[in-house]
Amino acid sequence: AQGMIDWEKVKASGLVDFAILRAGYGKEANQVDTQFNRNYAACKRLSIPCGAYWFSYALTPEDAVLEAKAFLSVIKGYQFEYPVVFDMEYEKQAKLSREQASAIAEAFCSTMEKEGYYVSVYSYVSFLNDMFTDTIFEKYDVWAAHFNVSKPSFTRSYYGMWQYSSTSRVPGIDGNVDADYAYRDFPYLMKQFSLNGYTQ
């Protein structure tokens with residue numbers, strides 16, 4: 001969701017167990033989401049577990065590395081109980097070959113992972129099914145988007161999160177909200193394995 005979120009109302013609603021915040025997009029660190037720092041601070045203050053995602057426009061692995069470095073600069077010093085996410089759904093990326101798309105995801109995700117982050121790959125199910133090689137799913141968690149179905153038609157492997165709606169409503173947030181299920185105890189994983197800003 002965009003705009004100013006009233007996180008006190010969100011917390012009080014009891015509807016939200018965690019939030020994945022948009023950190024930014026593209027390969028420049030100044031393309032940070034204007035609400036990101038405020039949203040992060042509110043989640044910490046109100047004990048709402050959170051993760052963060054970066055929207056990708058990369059068409060080459062080199063650009064994906066620059067995007068990862070921009071993401072790293074924006075989230076430095078922060079702690080996330082949920083994954084940091086590579087959001088790959090840009091229409092120009094869907095015109096690449098499976099090998100090209102996979103190389104882009106690998107470049108971004110491996111750059112994040114080397115810095116101690118637990119990375120998830122987000123897209124809609126047809127992109128996940130058509131655009132990635134199995135090696136991506138063997139190495140990284142998946143956050144699959146598929147709306148108005150009883151379960152996502154993601155055919156290849158386990159997914160850690162499912163975005164099941166783009167039209168949910170939450171008090172404190174104007175308009176439609178994306179809603180998700182998580183299937184792993186991510187806060188436990190981050191703390192247990194010293195990931196996403198947590199240290200022993």
Open item on the list: Is there a side-chain hydrogen bond (donor to acceptor under 3.5 Å, both in side chains) between Glu99 and Thr133? Walk through the geometry before answering.
Closed with: CA-CA 7 Å; Glu99 286 67 32; Thr133 58; over 6 Å; no

Open item on the list: Assess the residue pair Asp180 and Trp143 against the criterion (side-chain hydrogen bond (donor to acceptor under 3.5 Å, both in side chains)); give the C-alpha distance rounded to whole Å, side-chain angles, the decisive distance to 0.1 Å, and a yes or no.
Closed with: CA-CA 9 Å; Asp180 306 276; Trp143 178 16; 2.8 Å; yes

- [ ] Kindly determine whether Ser166 and Asp178 satisfy side-chain hydrogen bond (donor to acceptor under 3.5 Å, both in side chains), including the steps that lead there.
- [x] CA-CA 4 Å; Ser166 60; Asp178 293 333; 4.8 Å; no

Open item on the list: Would Tyr188 and Phe186 count as a ring-ring contact (aromatic ring centres under 6.0 Å, His included) here? Give the steps.
Closed with: CA-CA 5 Å; Tyr188 171 82; Phe186 288 115; over 10 Å; no

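Between Thr111 atom OG1 and Phe86 atom CZ the span is 10.0 Å, to the nearest 0.5 Å. Rounded to the nearest 0.5 Å, atoms OG (Ser120) and OH (Tyr82) are 12.0 Å apart. Residue Ile136 holds its CD1 atom at 5.0 Å from OG of Ser102, rounded to the nearest 0.5 Å. Rounded to the nearest 0.5 angstrom, Glu89 CD and Met131 CE are separated by 13.0 Å. Taken to the nearest 0.5 Å, the CE atom of Met4 stands 9.5 Å off from the OG1 atom of Thr34.
Annotation: Lys44, atom NZ; neighbour count of heavy atoms from other residues, nucleotides and ligands within 6.0 Å is above 12. Applying the 6.0 Å contact sphere to CG of Asn30 captures more than 12 heavy atoms from other residues, nucleotides or ligands.
Using modelled atom types, one finds a donor on one side chain and an acceptor on the other under 3.5 Å when comparing Trp7 with Asn39. In this structure, a donor-acceptor pair under 3.5 Å is present between the side chains of Arg184 and Tyr118. Using modelled atom types and a 3.5 Å distance limit, the side chains of Ser56 and Glu67 yield a donor-acceptor pair. Side-chain atoms of Asp87 and Trp54 form no donor-acceptor pair, as typed in the model, at a separation below 3.5 Å. A donor-acceptor contact closer than 3.5 angstrom links the side chains of Tyr122 and Gln163.
Using a 4.5 Å heavy-atom threshold, the side chains of Glu106 and Lys139 count as touching. Side-chain atoms of Ser110 and Tyr140, non-hydrogen and from C-beta on, do get closer than 4.5 Å to each other. At least one side-chain heavy atom of Glu81 sits less than 4.5 Å from a side-chain heavy atom of Tyr198. Using a 4.5 Å heavy-atom threshold, the side chains of Phe154 and Val142 count as touching. Val85 places none of its side-chain heavy atoms less than 4.5 Å from the side chain of Phe55. Put simply, the side chain of Leu128 reaches to within 4.5 Å of the side chain of Phe137, judged on heavy atoms. Annotation: side chain of Tyr117 is not in contact with side chain of Lys114 (no heavy-atom distance under 4.5 Å).
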Identify every side-chain donor-acceptor pair in residues 69-80 under 3.5 Å, counting partners at least two apart or on other chains, and give the distances.
| unit_1 | atom_1 | unit_2 | atom_2 | d |
| --- | --- | --- | --- | --- |
| Ser73 | OG | Ala70 | O | 2.7 |
| Tyr78 | OH | Asn37 | OD1 | 2.6 |
| Gln79 | NE2 | Gly197 | O | 3.2 |

Under 3.5 Å, which donor-acceptor pairs do the side chains of residues 11-21 form with other protein atoms, sequence neighbours left out?
| unit_1 | atom_1 | unit_2 | atom_2 | d |
| --- | --- | --- | --- | --- |
| Lys11 | NZ | Leu46 | O | 3.0 |
| Ser13 | OG | Val10 | O | 2.6 |
| Ser13 | OG | Leu15 | N | 3.1 |

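The aromatic rings of Tyr181 and Tyr164 lie parallel to each other, with less than 30° between the two planes, well short of the 60° mark.
The backbone N or O of Ser97 lies less than 3.5 Å from a partner atom in the side chain of Gln100, making a donor-acceptor pair. Remark: side-chain polar atoms of Arg38 are paired, donor with acceptor, to backbone N or O of Ile5 under 3.5 angstrom. Listed for the His146 side chain is a donor-acceptor partner under 3.5 Å among the backbone atoms of Ser153. Checking side-chain atoms of Gln93 against main-chain N and O of Ala58 turns up a donor-acceptor pair under 3.5 Å. Between the Gln31 side chain and the Glu28 main chain, a donor and an acceptor come within less than 3.5 Å of each other.
In this structure, Arg45 pairs ionically with Glu8, as a charged nitrogen and a carboxylate oxygen lie closer than 4.0 Å. With respect to the salt-bridge test (charged N to carboxylate O, under 4.0 angstrom), the residues Arg98 and Asp130 do not qualify.
Every ring-ring contact (aromatic ring centres under 6.0 Å, His included) that Tyr183 has, sequence neighbours left out, goes to Tyr159.
What you find for Ala144 and Val125 is that their closest heavy atoms are CB-CG1, 4.2 Å. Nearest approach of Arg156 to Asn129, heavy atoms of both residues: NH1-O, 2.9 Å.
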